[in-house]
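Notes follow the structure.
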Amino acid sequence: MNRSFSSEFLYQVFALIIAVIVVHAVYVTLIRPQATAIMAEQAMLIEQDETYTPERSLYVLIRDFEQEACFVLMFWAFSIMGFKAFRAVGERKLLQEELVPVPEGVRILPEDTREYARNIQSLPDQLRGMLLPRVMLSSLERFGSTRNVQDVSSVANTLCESEGERLESELSMIRYIAWAIPSVGFIGTVRGIGEALSQAHRAVDGDIAGVTESLGTAFNSTFIALLISIVVMFLVHQLQLLQERQVFDTQTYIDHNLIRHMQVRGRS
C-alpha cells in the first residue's frame, strides 16, 4: 500500500510539472502571439471605423495568466482522474476472473481455506494488492480461524466499506483542484477590476481603451474558469460513480463466489 501511495504521489508531481511545461509552451508560442495580433488588428479597425464591432476571439478569451493557470490545473486534474480510472477499470477486469475456482455444489470447509488461499497468494504483487484479492484472502483466513460464516461476511463488508472510504478520501485532491480553478478565475477578475480602476482617470479624459481591456481580463478569466470547473466536476462525479460500482461489485462477487460456498462441518 505504501509503495502504491509513493508511486501515485510521484505520478501526480510529474503530471503537474508536465502540465505546466506543455501549457506554458502553447501559450508562449501560439496563444499570446495570436491574441496580441488579433487585438492589434481590432484596434486598427476600430480607429478606421467607429461603428466596427470586434468579434470575440478564443485566443483573446484565454490569453491571460489566470486562464493559463486554470488550464494547468485542468490537465493536472485530468491526469489524476485518468490514473484512478485506469486503476478502477483494472480492478473491475479482475472481477471477471475466477480467483478461487469453486465448482457449483462444492463446499469450502474451514480446513480447506489454506489450499484456496494459496491461489491468491501466488498472484503477482501488483494483483494481490487490489481490493478483490485482499478481501478474498482476509475472508478465507477469517473463516479458517473462526469457522463462522457470519464473521467472514462482516469482515468482507468492513474491508469493502473501508476501501470505499479510502477512495472517497483520495478524491479530495481532485475536489481541491476543482475548487481552486474558479478561485483562480476570481483572482483574475479582481486583478482586472483593479487595473480598470487604476486607469479611471484616462477614461475621464476620453481614453477608455485601457479600462475596457482590463474589464475584459476580469470577465474572461471568470468565464473560462467556470467553464473548466463544470467539466472537471462532471468527470469527478463520473469517477466517483465508477469507484462506488467497483466496491459494490466486489461485495457481490465475494458473496456469490466465495461466502455462499462456505460451510462448517455438520451444518447444511
Side-chain angles (χ1 to χ4, degrees), residues 7-46 52-89 170-196 198-199 209-240 242:
S7 63
E8 184 172 355
F9 175 75
L10 291 175
Y11 172 84
Q12 292 181 9
V13 171
F14 281 110
L16 176 60
I17 294 173
I18 293 173
V20 171
I21 294 174
V22 172
V23 172
H24 185 65
V26 172
Y27 264 78
V28 170
T29 59
L30 177 63
I31 293 176
R32 289 202 177 98
Q34 287 286 345
T36 301
I38 291 172
M39 292 175 67
E41 181 183 358
Q42 291 177 347
M44 184 181 64
L45 292 174
I46 290 175
Y52 172 75
T53 303
E55 297 181 0
R56 292 172 67 94
S57 170
L58 179 62
Y59 293 107
V60 176
L61 282 174
I62 64 175
R63 70 185 176 88
D64 294 302
F65 293 102
E66 288 80 12
Q67 289 91 311
E68 179 182 352
C70 288
F71 279 110
V72 169
L73 293 174
M74 180 188 74
F75 287 115
W76 188 29
F78 284 174
S79 64
I80 297 174
M81 286 188 287
F83 179 84
K84 293 184 180 298
F86 177 78
R87 214 163 54 175
V89 170
E170 287 184 354
L171 291 178
S172 59
M173 185 61 184
I174 305 175
R175 291 197 176 95
Y176 171 77
I177 296 173
W179 168 85
I181 290 173
S183 299
V184 172
F186 291 142
I187 291 174
T189 299
V190 173
R191 182 174 71 87
I193 293 175
E195 290 180 355
S198 68
Q199 303 179 62
V211 174
T212 56
E213 182 178 344
S214 298
L215 290 177
T217 298
F219 296 124
N220 291 342
S221 61
T222 300
F223 174 68
I224 296 299
L226 291 177
L227 284 180
I228 293 175
S229 180
I230 290 172
V231 175
V232 171
M233 285 306 300
F234 172 77
L235 294 178
V236 168
H237 287 295
Q238 294 300 311
L239 175 61
Q240 183 178 7
L242 176 64

Is [Y] close to [X] at the side-chain level, that is, under 4.5 Å between some pair of heavy atoms?
{"X": "I174", "Y": "L239", "answer": "yes"}
{"X": "F75", "Y": "V23", "answer": "yes"}
{"X": "I177", "Y": "V232", "answer": "no"}
{"X": "F65", "Y": "S221", "answer": "no"}
{"X": "L16", "Y": "V72", "answer": "yes"}
{"X": "E66", "Y": "T189", "answer": "no"}

[X] side, atom [atom1]; [Y] side, atom [atom2] - distance, nearest 0.5 Å:
{"X": "E8", "Y": "M173", "atom1": "CD", "atom2": "CE", "answer": "10.5 Å"}
{"X": "L227", "Y": "I62", "atom1": "CG", "atom2": "CD1", "answer": "11.5 Å"}
{"X": "I224", "Y": "M74", "atom1": "CD1", "atom2": "CE", "answer": "10.5 Å"}

What pairs meet the side-chain hydrogen bond (donor to acceptor under 3.5 Å, both in side chains) rule with one or both residues in residues 19-29, with sequence neighbours excluded?
-> H24-E68
A225 backbone acceptor or donor facing S229 side chain under 3.5 Å = no
Ignoring hydrogens and geometry, is there a side-chain-to-backbone donor-acceptor pair from Y11 to S79 under 3.5 Å?
-> yes
Minimal non-hydrogen separation, [X] against [Y], with atom names:
{"X": "Q12", "Y": "W76", "answer": "O-NE1, 2.9 Å"}
{"X": "G185", "Y": "T222", "answer": "O-OG1, 3.4 Å"}
{"X": "V60", "Y": "N220", "answer": "O-ND2, 3.9 Å"}
{"X": "R63", "Y": "Q67", "answer": "N-NE2, 4.4 Å"}

